[in-house]
Amino acid sequence: MDFRINIGDKLDLQKIEKRLSVNPERESPVYVSQVLDEAENGDMLVAMPVTEGRVIPLNVGDEYNVTFYTKAGLLNCRMLVSGRYKKEMLFLLALQQLTDLKKIQRREYFRLNCRNQLKYRILDDNERDEIERGRPSTANIKDDDWKNGIMLDLSGGGIRFVSAFREEKDSMLQVRFEYVMGDDSSVVYAYATLLRSERNENNTSIYDHRIKFYRMDRNLRENIIRYIFETQRKMRLKESGME
């Protein structure tokens, strides 16, 4: 196991689809796991992903794009599911590394931890079709269509937030939130795909959601990234007593 990865590090697994019938516009599910040990043959042993309290037994032979959250930063590689095991009450997954670990440098992966108000609405099939054709319309949106949420982190690629509602994975939604940079405030409207919706482990009355922005305007994405950097810079200055 690479020296930069330690027992207890979190990781995300996203399946690499090889079937020609798979819709390229639809995101594969992202599963969360944790590094547990190293096998004698060098394979990595991780916890079997759990969703909604149910163990997800990933298939042996499938390949995954794996991102590790380490002290050295975000590391990424391709891995093969080489085995599945049960040790006492623990379900384990063996992963064989297929490619070299690369440090992720893309700016959209920098995340800003926050507690900001957010509103979102789930799109019906007709509106989703119009958006996929590049013809979005907001003519018939009513105030009652929006649900309340709390943003937990923001990046140039997406958002993690909580709400009182469980939503269907792979749904398309529109989010609305405000951010302030300097003396200017901006309201963002963005479309996104729902990657995960799970009951919160600490508060069972709310649900955790992770979304990925869908076809976001490049200028808007750059503005969000700029806001994240500026906010992080101010936080560091405040912590160091320089502000």
Side-chain angles (χ1 to χ4, degrees), residues 1-19 22 24 26-113 152-160 169-170 193-202 208-212 225 228-229 232 236:
M1 190 161 65
D2 190 279
F3 70 94
R4 292 168 292 181
I5 299 175
N6 296 296
I7 305 300
D9 284 345
K10 304 289 185 182
L11 60 130
D12 287 346
L13 303 104
Q14 187 169 31
K15 186 178 178 181
I16 299 172
E17 296 286 1
K18 299 181 178 180
R19 296 173 295 159
V22 174
R26 177 156 294 186
E27 291 283 343
S28 299
V30 177
Y31 299 112
V32 178
S33 183
Q34 186 175 27
V35 179
L36 297 180
D37 204 348
E38 182 177 7
E40 293 182 358
N41 65 355
D43 285 357
M44 184 182 297
L45 298 178
V46 305
M48 196 79 76
V50 176
T51 301
E52 293 286 326
R54 181 171 59 92
V55 175
I56 307 297
L58 304 186
N59 293 326
V60 174
D62 284 348
E63 294 182 15
Y64 282 80
N65 184 39
V66 183
T67 301
F68 296 92
Y69 297 79
T70 75
K71 293 181 179 178
L74 292 176
L75 304 175
N76 178 267
C77 69
R78 291 178 61 167
M79 304 192 83
L80 172 77
V81 178
S82 56
R84 301 190 309 203
Y85 309 97
K86 184 179 180 182
K87 186 177 181 180
E88 296 179 352
M89 298 300 293
L90 194 63
F91 292 92
L92 304 176
L93 199 66
L95 300 177
Q96 177 187 348
Q97 187 173 331
L98 300 178
T99 61
D100 293 337
L101 278 168
K102 294 183 179 179
K103 191 167 184 177
I104 297 175
Q105 300 288 356
R106 296 193 313 171
R107 293 183 299 167
E108 59 263 34
Y109 279 89
F110 288 108
R111 293 186 175 273
L112 174 67
N113 293 326
L152 300 182
D153 69 48
L154 170 68
S155 76
I159 295 172
R160 185 167 67 92
K169 190 166 58 176
D170 297 327
T193 303
L194 183 62
L195 303 180
R196 190 163 67 231
S197 179
E198 299 175 345
R199 192 181 295 277
N200 186 277
E201 294 181 357
N202 300 318
D208 290 310
H209 310 290
R210 178 181 290 186
I211 62 175
K212 181 178 181 179
I225 292 170
I228 292 172
F229 282 168
Q232 289 176 331
R236 287 193 295 269

Least distance between heavy atoms, [X] atom then [Y] atom:
X	Y	value
N202	N200	N-OD1, 2.8 Å
P49	L13	CG-CD1, 4.5 Å
D208	R160	OD1-NH1, 4.4 Å
V55	F91	CG2-CD1, 4.1 Å
I228	G156	CD1-N, 4.0 Å
K212	L195	CB-CD1, 4.0 Å

Between atom [atom1] of [X] and atom [atom2] of [Y], what is the distance when rounded to the nearest 0.5 Å?
X	Y	atom1	atom2	value
C77	D2	SG	CG	9.0 Å
M79	T99	CE	OG1	8.5 Å
R78	K102	CZ	NZ	11.0 Å
E198	K169	CD	NZ	8.0 Å
Q34	Y69	CD	OH	13.5 Å
L101	F3	CG	CZ	9.5 Å

Would a distance-only check, ignoring hydrogens and angles, find a side-chain to backbone donor-acceptor pair under 3.5 Å from [X] to [Y]?
X	Y	result
S33	A47	yes
R4	T70	no
Q96	D43	no
K15	L58	no

Validation row: [X], [Y] side chains within 4.5 angstrom (heavy atoms):
X	Y	result
V46	L36	no
E63	L80	yes
Q14	T67	no
S197	H209	yes
L95	L93	yes
F68	N76	no
V60	R84	yes
I5	M44	yes

Hey, mind stepping through L75 and K103 against side chain to side chain contact (heavy atoms under 4.5 Å, CB included) and telling me if it holds? CA-CA 5 Å; L75 304 175; K103 191 167 184 177; 4.1 Å; yes

Apply side chain to side chain contact (heavy atoms under 4.5 Å, CB included) to K87 and L45, showing your working. CA-CA 11 Å; K87 186 177 181 180; L45 298 178; over 6 Å; no

Please check if atom CG in D100 has more than 12 non-hydrogen atoms from other residues, nucleotides or ligands closer than 6.0 Å. no

Which residue in the set T193, D12, D153 passes side-chain hydrogen bond (donor to acceptor under 3.5 Å, both in side chains) when paired with R210?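 Looking at T193, D12, D153, the match for R210 under the side-chain hydrogen bond (donor to acceptor under 3.5 Å, both in side chains) is D12.
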
